[in-house]
Asks: 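Let me begin by handing over the structure; questions about it come next.
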Amino acid sequence: MAERFDRIWYNARLATMRADRPDLGEIEHGVIAARAGRIVYAGAQTDFPADADAAERIDCGGRWITPGLVDCHTHLVYGGNRAHEFELRLKGASYEEIARAGGGIVSTVAATRKASEAELVAHALPRLDALIAEGATTVEIKSGYGLDTETEMRQLAAARSLGCQRSVAIRTSFLGAHALPIEAEGDKDRYIDLVCREMLPAIAKAGLADAVDAFMEGIAFSGEQTAQVFETAGRLGLPVKLHADQLSNLGGAALAAKFSALSADHLEHTDEAGAAAMAKAKTVAVLLPGAFYFIRETQKPPVEAFRKHGVAMALATDCNPGSSPLTSLLLAMNMGATLFRMNVAECLAGVTREGARALGVLHDTGTLEAGKWCDLAIWDIECLAELVYRIGFNPLHRRVWRGQ
Ligand code: DI6
Ligand code: FE
């Protein structure tokens, strides 16, 4: 008897993004078959049983299918906005100057503390919807605008709740070590103690975080303080990631590698030794061209060194109110190519396979392969390079999340 599927997409061109296939793992005449939300078959039409039965068969009209997109680094739950700060920057103030003058992250903290969970969700939904409208099926969301236990937990709960309101997988990261709150009165060590003793255990117990992140930087936390957070995360069984070497080289990439971090992110100021350490630890480099562009950074991340050492590169929006008010992975890809000279295959892998790897969910999504969730983006394009090349144009035809 013929095998029965829930849905079959046929007459499609597939960019499977499989790591074991050259380039983008393209298949010109492809079929995807799904059952119970998972891909059962993704491959050539000729190898697919002609008598396969399905509740629904969808003619893709020769369109391209990629894995659903993965935005592996966002801060999209927050209160208020920072348009005023943007205006100050237009008058000449730098991102660091504003942060040091009590603006920046801590001003978003004040607005986030005032917002209820429902308000945080309502404020974030349009941003999430913008990502979804371009085919995102997995989105990471960080806390880090609460900086006290209650608000950090509310931010993470709001992020989780977004995942119930939309058909998208949300992965959360606890970023208590993002900035120093005003009430800490300049005492970073004491605050990190609070993060490790109170916030992290409470958040782990509540199951609110899938990973732990930190901001290691002159205007944020030192390597020692970051290590303290990572050791605590390790004891609680949570994987780590790091905002590393964004504004200066403090050795963040190497520290992330030392803790076998899932990813080190930003990396504009990372040196070759950092890249080599990341390669050894299989830590993914998450590149964030939106932030590079928006704060008019001039130092580019060492893409050549990442290639040379075989470091996987992901691309993400870094959606946040201060340094990257960006809600477009398509634009992030264009920026990755234009600003960082990544090629088309690297850009597409960056928002699919490598984004999934950076979140530790590559076993479940990020490529078109049997066994994974059937998360698809179906595109009205002639060739895949169009996804990277165009600016401000969304050719998404349909998005499929878990086979629906
Ligand atoms: N690096 C960034 O680019 C964001 N956070 C971080 O650690 C900026 C967050 C903000 O300015 O609100
Ligand atoms: Fe960030």
Side-chain angles (χ1 to χ4, degrees), residues 71-86 88-89 93-113 123-124 127 139-147 151-152 155 159 171-181 188 195 211-222 225-226 229 240-248 250 252 256 261-270 284-297 299 301 314-327 332 335 355 358-359:
D71 193 347
C72 69
H73 181 140
T74 88
H75 310 243
L76 70 78
V77 171
Y78 57 82
N81 75 59
R82 307 241 288 277
H84 170 66
E85 187 178 299
F86 177 61
L88 290 179
R89 290 199 13 243
S94 76
Y95 180 74
E96 265 184 287
E97 279 161 10
I98 288 168
R100 289 191 192 281
I105 294 174
V106 294
S107 71
T108 299
V109 170
T112 304
R113 286 179 175 179
H123 200 54
R127 295 188 279 271
V139 174
E140 185 257 17
I141 300 176
K142 301 174 196 300
S143 65
Y145 290 124
L147 309 185
T151 318
E152 287 289 309
Q155 236 194 311
R171 302 291 293 177
T172 56
S173 303
F174 167 60
L175 178 56
H178 191 199
L180 194 64
K188 291 185 181 179
V195 167
V212 173
D213 197 343
F215 187 19
M216 180 172 157
E217 192 57 66
I219 57 169
F221 299 98
S222 69
Q225 289 156 344
T226 301
V229 173
V240 299
K241 19 182 67 257
L242 184 63
H243 283 69
D245 308 334
Q246 181 187 6
L247 308 171
S248 60
L250 297 182
L262 286 171
S263 70
D265 305 36
H266 287 286
L267 305 170
E268 280 83 346
H269 293 263
T270 297
V284 178
V286 176
L287 305 183
L288 305 166
F292 173 91
Y293 164 83
F294 195 72
I295 66 175
R296 304 179 75 218
E297 174 64 66
Q299 171 89 24
L315 274 172
T317 61
D318 195 16
C319 172
N320 77 69
S323 71
S324 187
L326 170 64
T327 46
M335 288 176 168
L359 295 177

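As the structure is a prediction and not an experimental result, all values here were calculated from the model. We count ligands from 1, going down the list as the structure has it; atoms in each ligand are counted the same way.
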Asks: Are Leu288 and Val286 packed together at the side-chain level, in the sense that at least one heavy-atom pair is separated by less than 4.5 angstrom?
Replies: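 Contact flag for Leu288/Val286 side chains = yes.
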Asks: Going by the closest heavy atom to atom 5 (N) of ligand 1, which one wins out of Gln246, His243, His178?
Replies: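 Residue with the shortest heavy-atom distance to the ligand atom: His178.
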Asks: Which atoms of ligand 1 are found less than 4.0 Å from any heavy atom of His266?
Replies: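 By the 4.0 Å cutoff, the relevant atoms are 1 (N), 2 (C), 3 (O).
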Asks: Starting from atom 9 (C) of ligand 1, what is the nearest protein heavy atom, named by residue and atom, and what distance separates them?
Replies: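 For atom 9 (C) of ligand 1, the nearest protein heavy atom is Tyr145 OH, 3.2 Å.
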Asks: Without hydrogens or angle criteria, can the side chains of His75 and Asp318 be said to hold a donor-acceptor pair below 3.5 Å?
Replies: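 Result is yes, a qualifying pair exists.
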Asks: Between ligand 1 and Ser323, is the shortest N or O to N or O distance under 3.5 Å?
Replies: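 Yes - when backbone and side-chain N and O of Ser323 are compared with those of ligand 1, one distance drops under 3.5 Å.
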Asks: Please report, to 10°, the angle around the Fe ion (ligand 2) from atom NE2 (His73) across to atom NE2 (His75).
Replies: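 Output for this angle: 100°, rounded to tens.
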Asks: Drop me the distance from Asp265's CG to Lys142's NZ, to the nearest 0.5 angstrom.
Replies: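 So the gap between those two atoms works out to 5.5 Å.
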Asks: Please name the atom of Asp318, restricted to N, O or S, that is closest to the Fe ion (ligand 2).
Replies: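 This residue's closest N, O or S atom turns out to be OD1.
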Asks: Which ligand 1 atoms, with their elements, are less than 4.0 angstrom from a heavy-atom of Asp318?
Replies: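 So the atoms of ligand 1 that pass are 2 (C), 3 (O).
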Asks: Within the stated cut-off of 2.8 Å, is an N/O/S atom of Asp213 closer than that to the Fe ion (ligand 2)?
Replies: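 No - counting backbone and side chain alike, Asp213 has no N, O or S atom under 2.8 Å.
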Asks: Just so I know, are the side chains of Thr317 and Thr327 near enough to count as touching, which here means a heavy-atom distance under 4.5 Å?
Replies: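 Thr317 does not reach Thr327 side chain to side chain.
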Asks: Mind checking whether Arg127 and Tyr78 have side chains closer than 4.5 Å, heavy atoms only?
Replies: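 Of all side-chain heavy-atom pairs linking Tyr78 with Arg127, at least one is under 4.5 Å.
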Asks: With a 4.5 Å cut-off on side-chain heavy atoms, are Ile295 and Leu247 touching?
Replies: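 A side-chain contact under 4.5 Å exists here.
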Asks: Is the closest heavy-atom distance from Glu217 to ligand 1 below 4.0 Å?
Replies: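 Under 4.0 Å: no for Glu217.
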Asks: What atoms of ligand 1 come within less than 4.0 Å of a heavy atom belonging to Asn320?
Replies: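 Counting atoms of ligand 1 from 1, those under 4.0 Å from Asn320 are 4 (C), 8 (C), 9 (C), 10 (C), 11 (O), 12 (O).
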Asks: What orientation do His243 and His73 show, parallel under 30°, tilted 30 to 60°, or perpendicular over 60°?
Replies: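 It falls in the perpendicular class, over 60°.
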Asks: Identify the protein heavy atom lying closest to atom 11 (O) of ligand 1, giving its residue, its atom name and the separation to 0.1 Å.
Replies: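 For atom 11 (O) of ligand 1, the nearest protein heavy atom is Tyr95 OH, 2.5 Å.
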Asks: Which atoms form the tightest heavy-atom contact between Leu315 and Ala332, and what is the distance?
Replies: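 Minimum heavy-atom separation between Leu315 and Ala332: CD1-O, 4.0 Å.
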Asks: Can you tell me if, anywhere in His266, an N/O/S atom lies at a distance from the Fe ion (ligand 2) that is smaller than 2.8 Å?
Replies: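 Here the distance criterion (N, O or S atom, under 2.8 Å) is not met by His266, so no.
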